[in-house]
Number of protein chains: 2
Amino acid sequence: MVITAKGRATRQRIVEGTAVYLRGDEPGDVTLDDIRAITGTSKGQIFHYFPGGKEELLLAVARYEAELVLQDQQPHLGALTSRAAWGRWREAVVARYRAQGRHCPLGSLMAQVGGTPGASEVVTALLARWQEDLRLGIVAMREAGLVGDVDADRLAAAFIAGIQGGVQVLRSTGSTAHLEAVLDALLEGFGLAGPKIRS
Amino acid sequence: MVITAKGRATRQRIVEGTAVYLRGDEPGDVTLDDIRAITGTSKGQIFHYFPGGKEELLLAVARYEAELVLQDQQPHLGALTSRAAWGRWREAVVARYRAQGRHCPLGSLMAQVGGTPGASEVVTALLARWQEDLRLGIVAMREAGLVGDVDADRLAAAFIAGIQGGVQVLRSTGSTAHLEAVLDALLEGFGLAGPKIRS
DNA sequence: AGGATAGTGGACCGGACGGTCCAGACATCG
DNA sequence: CGATGTCTGGACCGTCCGGTCCACTATCCT
């Protein structure tokens, strides 16, 4: 089976259309008929491009969304070499999730596809890359003498956990307060930003 | 409709049986037939005690599980008045979630019932109580002069976010490393425990 | 005892939804 | 201009599952 340009375009339309739908207000569980309607395709096409069916399709969408998560934090995430840069990154993260609101595309994706093999790998891989970028930033700060001697990997892991939790609370409460609190607490606790928790 | 002792027992059996099932290895989505089989009941009984059907039942189970989350942290959570107490609490939290493993009962409950009215209120209420207990602990430490002048509510919120995220990462990776990292980072960053991140 | 009310069992229904299948349109190339 | 393979549409199927309904049984009260 050779995929032509037209075919690739259709496949892409399916993935992106599904992603857009999942970012919408009332997604709940997506059905193949939903996807068919949104993307202007047919069952035939869906199974043509995703022989594994719904599961394979949603996994593809999850990978697509995971990529966006990291992209949305650039260029800040890639150059965490000063206190100011950490501050801008913090703002970018909060802004991204505030804009996203209660609804987390990757979250509902995982809710639907969570148990299947390969599902948690997608998010694990995302978090690993994210954590590594943070770790590099912490190391850079340490080498520049801007912060003390910390376990960069563990601190990066703490940031990852904090962000995940902040976003999860956001999904329930609709407020970014927790996300901001944990980011500020970690930044401040380790000299990556000025005092906001301590008075 | 008056509920007799026998009725109450049956209702309780349904809730607890469902909770046990959800704590098991391969829950995925529960069906009413699953619940029927596990709890040795019939559809008639389920709808007798939960006229709202599956949704109402799962919400009841969620409330039941939420209660357990707080209970499992006692007596530590109620008396966070010394560095040692914070340390013991940290251990209790990590132990609880390590024992729970990849599987989070409340998590899969929310995955199934997430969109329905009242669902996020259950977890919001849980987190609010949790955060309040932490806040009281921080205030106690501050008043005892054991920590500096911090915004107790924001720091408590940071803990909540961190724990939630740590648990979520645990669900994907099976490791408590992130949970421990964020707890240690926050404890250490604000003088609630000795250095583990800084060296 | 006997009627009323609570509790129980399970057959049954209807809709939703993932997946199959095949016929026809379209493109590409000898 | 056929032939071969890709792309597209949608009818159709089987299953799963939440929910309804009703007959039957235990329990309680007077």
Side-chain angles (χ1 to χ4, degrees), chain A residues 1-18 21-22 24 26-62 108-119, chain B residues 1-18 21-22 24 26-62 108-119:
Chain A
M1 189 180 86
V2 180
I3 293 180
T4 69
K6 189 182 179 189
R8 232 176 302 122
T10 301
R11 195 194 132 105
Q12 190 67 7
R13 202 171 75 242
I14 294 174
V15 171
E16 288 180 7
T18 307
Y21 176 74
L22 284 169
E26 201 49 51
D29 276 5
V30 214
T31 70
L32 291 186
D33 279 322
D34 289 336
I35 297 174
R36 208 180 39 68
I38 305 154
T39 62
T41 52
S42 66
K43 285 270 187 79
Q45 295 176 71
I46 294 178
F47 281 86
H48 184 67
Y49 295 109
F50 304 94
K54 193 185 188 184
E55 181 185 319
E56 184 181 341
L57 164 53
L58 291 187
L59 235 43
V61 176
S108 31
L109 239 10
M110 293 328 278
Q112 290 182 61
V113 94
T116 70
Chain B
M1 190 180 85
V2 179
I3 294 178
T4 69
K6 187 182 181 189
R8 231 175 301 124
T10 302
R11 196 195 132 105
Q12 189 67 7
R13 202 171 76 242
I14 294 174
V15 170
E16 286 179 8
T18 307
Y21 176 75
L22 284 169
E26 201 50 53
D29 275 6
V30 215
T31 70
L32 291 186
D33 279 322
D34 289 336
I35 296 174
R36 207 180 40 67
I38 306 154
T39 62
T41 51
S42 65
K43 286 269 187 79
Q45 295 176 72
I46 294 178
F47 282 86
H48 185 66
Y49 296 110
F50 304 94
K54 195 186 191 185
E55 181 185 320
E56 185 182 340
L57 165 54
L58 291 187
L59 235 40
V61 177
S108 30
L109 238 11
M110 292 327 280
Q112 290 183 60
V113 94
T116 70

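Just so it is clear, the model here is predicted, and its values are computed rather than measured. All values below were derived from every heavy atom in this structure, side-chain atoms included, with hydrogens, water molecules and symmetry-related copies excluded. In what follows, every chain begins at residue 1, and chains take the letters A, B, ... in the order their sequences are listed.
- Checking each of A/T18, A/L22, A/V61 against A/I35 for a side-chain contact (heavy atoms from CB on, under 4.5 Å) leaves exactly one that passes, namely A/T18.
- Between A/H48 atom NE2 and D/dG10 atom P the separation is 17 Å, expressed in whole Å.
- Within the structure, side chain to side chain donor-acceptor pair (under 3.5 Å) contacts touching residues 32-44 of chain B (residues at least two apart or in different chains) are B/T31-B/D34, B/D33-B/R36, B/T39-B/T41, B/S42-B/Q45.
- Separating the CD atom of A/E56 from the P atom of C/dG19 is a distance of 11 Å, rounded to the nearest angstrom.
- Side-chain contact between B/T10 and B/R13 is present, with at least one heavy-atom pair separated by less than 4.5 Å.
- With rounding to whole Å, A/E55 atom CD is found 18 Å from C/dC17 atom P.
- Put simply, CZ on B/R11 is 17 Å from C1' on C/dT8, counting in whole angstrom units.
- Remark: A/L32 CG to A/L58 CG distance equals 8.0 Å, nearest 0.5 Å.
- Distance, A/I46 CD1 to D/dC7 C1': 14 Å, rounded to whole Å.
- In this structure, A/G44 reaches the bases: a heavy-atom distance under 4.0 Å links it to at least one base atom across the strands shown.
- The side chain of B/F47 approaches D/dG19 more closely than any other nucleotide in the set D/dG19, D/dT6, C/dT20.
- We find the CZ-NZ distance between B/R8 and B/K6 to be 13.5 Å, quoted to the nearest 0.5 Å.
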Worksheet entry | Stepwise side-chain contact (heavy atoms from CB on, under 4.5 Å) check, A/E56 with A/Y49 | CA-CA 9 Å; A/E56 184 181 341; A/Y49 295 109; over 6 Å; no

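- Note on B/K43: every side-chain N or O is 4.0 Å or more away from OP1 and OP2 of D/dG19.
- Close to C/dG7, at under 4.0 Å from its OP1 or OP2, lies no side-chain N or O of B/Q45.
- In this structure, CD of B/Q12 is placed 15 Å from P of C/dG7, rounded to the nearest angstrom.
- For B/Y49 and C/dT8, the shortest distance from a side-chain N or O to OP1 or OP2 is below 4.0 Å.
- Atom CZ of B/R13 is separated from atom C1' of C/dG7 by 11 Å (rounded to the nearest Å).
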Worksheet entry | Derivation of the side-chain contact (heavy atoms from CB on, under 4.5 Å) call for B/F50 and B/L59 | CA-CA 10 Å; B/F50 304 94; B/L59 235 40; over 6 Å; no

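- Residues of residues 29-39 of chain B that place a heavy atom closer than 4.0 Å to DNA chain D, in numerical order, are B/V30, B/T31, B/L32.
- Listed nucleotides: D/dA26, D/dC7, C/dT20. Nearest to the side chain of B/K6: D/dA26.
- Between A/K54 and the phosphate of C/dG18, there is a side-chain N or O to OP1/OP2 separation shorter than 4.0 Å.
- Atom CZ of B/R8 is separated from atom P of C/dG7 by 10 Å (rounded to the nearest Å).
- In terms of phosphate contacts, B/T4 brings no side-chain nitrogen or oxygen within less than 4.0 Å of OP1 or OP2 of C/dT5.
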